[in-house]
Undergrad: 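Pasting a structure below so you can have a look.
Residue numbering restarts at 1 for every chain, and letters A, B, ... go by the order of the sequence lines. Given the structure is predicted, the values throughout are model-derived calculations rather than measurements.
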There are 2 protein chains.
Amino acid sequence: MAAVDQLGYQPNFSAKALAASKTGTVGAIIPTMDNAIFARGLQAFQEELGEHGYTMLVASSSYHPALEAQQIRNLVARGVDALMLIGTDRGDDIYNYLETRSIPIVTAWSFQDGATIPCIGFDNRDAMAQLTRRVLSLGHRHLGIISAPRAHNDRARERVEGALEAVGQAGIARDTVPILEVNYSIANGARAFAALMREPTPPTAILCGNDVLAVGALGKARQMGLSVPKDVSITGFDDIELAEVSYPPLTTVHVPHRQMGRAAAQILMKLVSGEELSGNAALKTRIIERGTLAGPTDLQA
Amino acid sequence: MAAVDQLGYQPNFSAKALAASKTGTVGAIIPTMDNAIFARGLQAFQEELGEHGYTMLVASSSYHPALEAQQIRNLVARGVDALMLIGTDRGDDIYNYLETRSIPIVTAWSFQDGATIPCIGFDNRDAMAQLTRRVLSLGHRHLGIISAPRAHNDRARERVEGALEAVGQAGIARDTVPILEVNYSIANGARAFAALMREPTPPTAILCGNDVLAVGALGKARQMGLSVPKDVSITGFDDIELAEVSYPPLTTVHVPHRQMGRAAAQILMKLVSGEELSGNAALKTRIIERGTLAGPTDLQA
DNA sequence: TTGTAAGCGTTATCAT
DNA sequence: ATGATAACGCTTACAA
């Protein structure tokens with residue numbers, strides 16, 4: 001031990017991993033780091049892993065399924081002991097691949113009732129449906145939706161589905177509400193907002209797939225001389241910092257991102273140590289009413 | 001090759017690393033992921049590494065020097081071929097440790113003139129000095145500073161130093177300007193702002209160490225019934241999304257974060273392939289004038 | 001060009 | 001307990 005100290009000996013990780021066939025590393029593949037929600041969740045994920053002596057290996061897929069598949073194989077080849085994935089939208093081949101190699105996984109950011117694989121998240125559909133019901137209860141009848149591309153993205157799809165569900169229950173024809181799909185960015189939110197307001201009967205309330213899109217819409221509204229929420233209501237989703245800082249501050253859905261990251265890590269730690277999971281639990285979201293939602297000025301029956 | 005396909009063979013990373021004594025992995029240690037500037041830079045860093053067939057291993061130090069040292073040793077033990085570090089504030093023992101193991105490193109987010117180790121960044125001091133000169137040229141004589149803790153953080157220290165430098169050059173006593181140190185968060189920015197405005201002669205302009213602090217101050221100003229920039233000017237630093245979304249939008253210093261991440265990766269790629277570096281280059285920042293800076297209402301000689 | 005064998009630095013197994 | 005030794009799955013140098 002004295003010699004260890006003196007020579008500054010450090011065990012060789014690769015040799016250790018090769019011999020023990022485990023690495024003490026868990027992988028995380030997220031769509032992009034450049035989004036506060038994933039960054040925040042990952043930070044918490046890593047903190048929790050660290051407390052268990054594990055290290056995190058991250059990769060981002062840029063929202064490309066093929067790239068994600070490649071990253072998964074890459075991380076598995078690097079010997080990750082477990083894997084965190086975002087959402088559940090991916091081919092069975094990937095799930096099979098992971099299962100044959102018996103790599104424990106957890107999917108996060110999206111809770112599926114009765115899912116067969118471990119997941120930690122929230123009910124995107126229900127959260128959006130609740131928000132939409134609140135909007136409708138204020139008297140809005142003409143809604144518009146700005147969403148991320150729904151292909152390969154269950155969160156985006158579920159959110160739109162939830163909104164449409166509430167709309168339908170209110171007796172409004174679903175195909176009546178215009179849906180625009182754009183990639184997440186402030187500029188795209190602004191563009192989509194402008195397009196929506198150009199319709200023959202512009203929406204009195206616009207539901208956005210996340211806060212980034214919503215603040216983009218908000219900025220464009222001001223630029224177009226529209227007052228929010230007097231002339232038009234706008235809602236977000238996620239409740240990141242942007243939402244409380246915008247003007248007016250954004251009415252949105254709060255998602256416990258840090259809590260989700262921690263929980264994802266805890267599940268994985270149980271899985272790698274062979275513990276049984278006590279079933280999947282959904283995290284709670286809640287509507288944060290701030291300043292961008294009000295009843296329509298021109299109430300119509 | 002047909003067999004490879006059929007059996008789904010994947011080379012074993014650990015064995016490969018052990019035999020070749022290189023891993024194709026580079027490490028990055030950042031203070032926190034939960035900050036748009038690092039997250040954005042890392043995303044670009046990873047994209048560039050990916051194009052060279054390298055993978056990124058991240059760890060975050062939570063701004064703790066001891067934790068950072070531990071993370072460095074951990075990543076080195078894991079066999080990273082190179083390392084990206086933020087800023088230059090750390091003990092010589094760490095630099096020696098890295099040098100004896102001949103692990104190439106690059107320090108980012110902070111450019112030091114004549115630095116002996118490869119670095120990519122910008123001149124925090126000069127950028128802040130320029131911004132401060134601009135503020136002073138508008139007629140402000142009572143400034144206040146909200147900074148991150150300067151210990152172990154050269155970026156924060158240099159920014160304050162730059163502001164003080166400009167103040168001194170304008171013939172104002174440096175010890176005249178109050179400096180508050182708080183951890184980066186919106187809430188802390190708000191608190192610090194309130195404290196600053198409680199002084200006998202409150203500042204007419206407040207320079208914040210970054211945008212997060214600045215939007216916190218901005219929100220508090222509104223809450224206190226102060227109009228920005230009429231009653232008080234506020235400036236940020238970084239130019240993240242928050243800055244363009246706040247109201248009024250923030251006057252701040254734009255830092256090319258993505259470009260910095262890419263460049264850091266490029267430098268490391270050169271280093272691992274044994275290429276010579278053509279000296280360190282500084283990235284340019286620029287002042288973005290938006291809506292939170294104006295001359296003081298009560299001009300005084 | 002193709003094949004063979006000796007490491008790489010651990011862990012784990014089996015004698016002693 | 002302690003110590004020797006065979007994997008682990010690759011790279012690489014050297015022979016054939």
Undergrad: With side chain to side chain contact (heavy atoms under 4.5 Å, CB included) as the test, pick out the partner of B:L85 among B:I30, B:L98, B:I117.
TA: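 So the option named by the test is B:L98.
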Undergrad: Are side-chain heavy atoms of B:N153 and B:R157 found at a separation under 4.5 Å?
TA: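 Result no, sub-4.5 Å side-chain heavy-atom pair not found.
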Undergrad: Name the first nucleotide and the last nucleotide along DNA chain D (5' to 3') that come under 4.0 Å of a heavy atom in chain A.
TA: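 First and last nucleotides in contact are D:dC8 to D:dG9.
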Undergrad: So that I can tick it off, tell me whether B:R150 and B:E161 are bridged by a salt bridge, with the cut-off set at under 4.0 angstrom between side-chain N and carboxylate O.
TA: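 No, no charged N to carboxylate O under 4.0 Å.
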Undergrad: Are more than 12 heavy atoms, taken from residues, nucleotides or ligands other than B:H152, located less than 6.0 Å from that residue's NE2 atom?
TA: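 Not buried by this count: 12 neighbours or fewer within 6.0 Å.
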Undergrad: When all nucleic acid strands are considered with a 4.0 Å heavy-atom cut-off, which category describes A:Y9: base, sugar-phosphate, or nothing?
TA: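 Sugar-phosphate, backbone atoms only, no base.
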Undergrad: Is there a side-chain contact between A:L268 and A:Y54 in this structure, where contact means two heavy atoms from C-beta onward sitting under 4.5 Å apart?
TA: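 No, their side chains stay 4.5 Å or more apart.
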Undergrad: Would you say A:H52 has more than 12 foreign heavy atoms packed within less than 6.0 Å of its NE2?
TA: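 Yes.
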Undergrad: Bend angle of the helix from C:dT1-D:dA16 to C:dT16-D:dA1 from five-pair axes at both ends, rounded to 10°?
TA: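 Terminal axis comparison yields 40°.
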Undergrad: A side-chain contact here means heavy atoms from C-beta on lying under 4.5 Å apart; do A:I267 and A:M84 qualify?
TA: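 Heavy-atom side-chain distance check fails, nothing below 4.5 Å.
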Undergrad: Any side-chain heavy atom of A:I240 sitting closer than 4.5 Å to one from A:I37?
TA: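 Answer yes - side chains close enough.
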Undergrad: Counting C-beta onward and ignoring hydrogens, is there a side-chain heavy-atom pair between A:Y97 and A:I103 closer than 4.5 Å?
TA: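 When only atoms from C-beta onward are counted, A:I103 and A:Y97 do not touch, as no gap falls below 4.5 Å.
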Undergrad: Please verify the inter-ring angle class for A:H257 with A:W109; under 30° counts as parallel, over 60° as perpendicular, anything in between as tilted.
TA: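 A:H257 vs A:W109 ring planes: parallel.
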Undergrad: With a 4.0 angstrom cut-off to heavy atoms of chain A, pull out the first and last contacting nucleotide of DNA chain C, in 5'-to-3' order.
TA: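 The footprint of chain A covers C:dG9 to C:dT11.
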